[in-house]
Amino acid sequence: MIFSSKSKLEQHVINLKGKTVNSLLGGKEFDKGKGAIGQIIEREGFGMANNNEARPDFDNLGIELKILPLKRTAKNDLTVKERTKICSINYVKLIDEHWDHSHAKNKLQEILFVFYEYNKVDPSNSTIIDYLFFQLENSDEPLIRSDWERTRGLVEKGLAHELSESQNVILAASRSGAGGLSEDKWDVQPNNSQKARKRAFSLKPSFTKVLWNEVRDPNGYDTILSLQKYKDYKELENIILERINKWQGKSLADFAEYHGLEGGSSKNSSATIVRAALGFKGKQKKIKEFEQLGLTVKTTPCRSSDLYPFEAMSFPFQPLGEIQEEDRFDESQFYTYLQGFLFIPLLRDSREEKDLWNVYFGKAVIWRPTHKELVSIQMEWESINQTIKEGVILTRKPARTRKGYIMLNNLPGEKDTNYIHMRPHGRDSDDIDESYEKATITKQCFWFNKKLIQNILKSKTV
DNA sequence: GGGTGATCATGA
DNA sequence: TCATGATCACCC
């Protein structure tokens, strides 16, 4: 189908809203398989032959078409299901490209996103929900560009084999092609005889999730851009850190007083501190950039002498039944949490110190795991994964608790690892993980080791 | 003091 | 009500 104008195209999309894949097919057979729904919507909804061409899908309008699946969460919310592939990376050609004429930018210039709800039970009943015209120049080009430059820079240095999804913030260099692809099928890279995995530029789910949320609720976010302009990721990071680190050395009580927050720990949640420090007033909206970048904010109580945290840092409940189905770290639930972190150390001399006048801000840092760190975390994850697959072994041990005993398990603990470990995280010891059949075990989750957090805080505190 | 399972507290 | 961030409290 060819549309003579953008408004004609838009009218066409509006008419597709609410249609199911089945109704588009109009009796034709539903062909299952990876990416099938996207292809059907392109073919039946827009009369587009399957193509791999470099030219935009709507060539005369310069608009690319992306079909984006949404999934229902456990809380019955609709959220982005997966990353959106933009284009394959050719390592050799990449280093000769400049952003302004790059293949990636070309593809990103203007995109028509068509959101559909993926129906897990009956994929052929998946439904088109909404659409969005995305324009790079009116969007987050500075951040996307710095991702692209970072990747290009690494490839130029002969480090294509060290690329990883999490080193970029929006436009990731993600693995493409089959998972089990053997090394001889990898690509050659410039300036290094070692081959590198095939990768593609793709938009991370944290970014497209924000696009989708803005379609649903155009006023749902506060944005740092409303406070200050920034030209790339580094500068955005600096704005965030500067505004928070203005408080370095000041007490929490000072902070609360200045911002008119009531005393008491409840008002000192990470989100409240960050919003106040950045200068947002009023309603507790989410901050757009934090969502886009997948930045998790953590306030970490630490010993003032050496920045050693009093506690390890927990992640959400990890159903063991789900992790035992996972074979690849970089496709695991846990991996998605490792996008990036803003740590705000709250220092005190002893763990017992409760007086907010004696708890003060340390130096906040933003951390994203490096390739090396990811490799180490992966090894520890694999060991945990293996223990779970083999079946966690529990032993009962007498203790003066409510029940008169505690349950020990053989999952790697904090002393066995350098980065991550697993520990209980339920409401109480009766809060059992129902997803796991190999043992009756309280809900568990991943934790960052204290030593890891200390190293992060220290390395950036020179 | 550090490691670990258990549990509190809070906000959506 | 429940998931989650945060912390407690027991043991070594």
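Residue numbering restarts at 1 for every chain, and letters A, B, ... go by the order of the sequence lines.
Of the options A/Lys286, A/Arg275, A/Lys288, a salt bridge (charged side-chain N to carboxylate O under 4.0 Å, His left out) to A/Asp222 is made by A/Arg275 and by none of the others.
Note that A/Lys450 lies outside the cation-pi zone of A/Tyr308, set by a 6.0 Å cut-off to the ring centre and a 45° limit from the axis.
Regarding A/Lys298, its NZ atom lies at a distance of 13 Å from the C1' atom of C/dT7, rounded to whole Å. For A/Glu311 and B/dC8, the CD to C1' distance is 13 Å, given to the nearest whole Å. If you take CZ of A/Phe446 and C1' of C/dG5, they are 18 Å apart, rounded to a whole angstrom. Nucleotide B/dA6 holds its C1' atom 11 Å from the CD atom of A/Gln444, rounded to whole Å. Across the protein-nucleic acid pair, A/Glu322 atom CD and C/dA3 atom P stand 13 Å apart, rounded to whole Å. For the pair A/Lys397 NZ and B/dA6 P, the interatomic distance rounds to 11 Å; values are reported in whole Å. We find that CG of A/Leu252 is positioned 12 Å from P of C/dA6, with the value rounded to whole Å. The interatomic distance linking A/Glu353 (CD) with C/dT7 (P) rounds to 13 Å, in whole Å.
In this pair, A/Phe207 and A/Phe134 present their aromatic rings perpendicular. The plane angle is above 60°, beyond the 30 to 60° band. A parallel orientation is assigned to the rings of A/Phe341 and A/Phe343, their planes being inclined by less than 30° (bins at 30° and 60°).
Taking the charged nitrogens against the carboxylate oxygens, A/Lys458 and A/Asp306 have no contact shorter than 4.0 Å, which rules out a salt bridge. The pair A/Glu165-A/Lys204 does not meet the salt-bridge criterion, since no charged nitrogen lies less than 4.0 angstrom from a carboxylate oxygen.
Axis angle, first five pairs versus last five pairs of the helix from B/dG1-C/dC12 to B/dA12-C/dT1: 20°, rounded to 10°.
In the set C/dC8, C/dA6, B/dG3, the nucleotide with an atom closest to the side chain of A/Arg351 is C/dC8. You'll find that the side chain of A/Phe317 is closest to C/dT4, out of B/dG2, C/dT4, B/dT4. The side chain of A/Pro301 lies closest to C/dT7 when the candidates are C/dT7, C/dC10, B/dA6.
Proximity of A/Thr401 to the phosphate of C/dA9: no side-chain N or O atom is located under 4.0 Å from OP1 or OP2. Not one side-chain nitrogen or oxygen of A/Tyr405 sits closer than 4.0 Å to the OP1 or OP2 atom of C/dC10.
Two residues, A/Lys443 and A/Ser314, neighbour DNA chain C, and the one matched to the more 5' nucleotide by heavy-atom proximity is A/Lys443. Toward the 5' end of DNA chain C, the nearer of the two residues A/Trp447 and A/Pro398, judged by each one's closest nucleotide, is A/Trp447.
Residue contacts shown for A/Met407 are limited to sugar-phosphate atoms, with no base heavy atom under 4.0 Å away. Looking at heavy-atom distances under 4.0 Å, A/Arg303 makes contact with sugar-phosphate atoms alone, never a base.
Counting all heavy atoms, side chain and backbone alike, A/Asp330 lies closest to A/Tyr335 at O-CD2, 3.6 Å.
Annotation: salt bridge (charged side-chain N to carboxylate O under 4.0 Å, His left out) contacts of A/Asp416 (sequence neighbours excluded): none.
No donor-acceptor pair under 3.5 Å is formed between the side chain of A/Lys246 and the backbone N or O of A/Glu242.
Between A/Phe446 and A/Phe315, a ring centre-to-centre spacing not shorter than 6.0 Å is recorded.
Near DNA chain B, defined here as any heavy-atom distance below 4.0 Å, the residues from residues 423-439 of chain A are A/Arg423, A/Pro424, A/His425, A/Gly426, A/Arg427, A/Asp428, A/Ser429, listed numerically.
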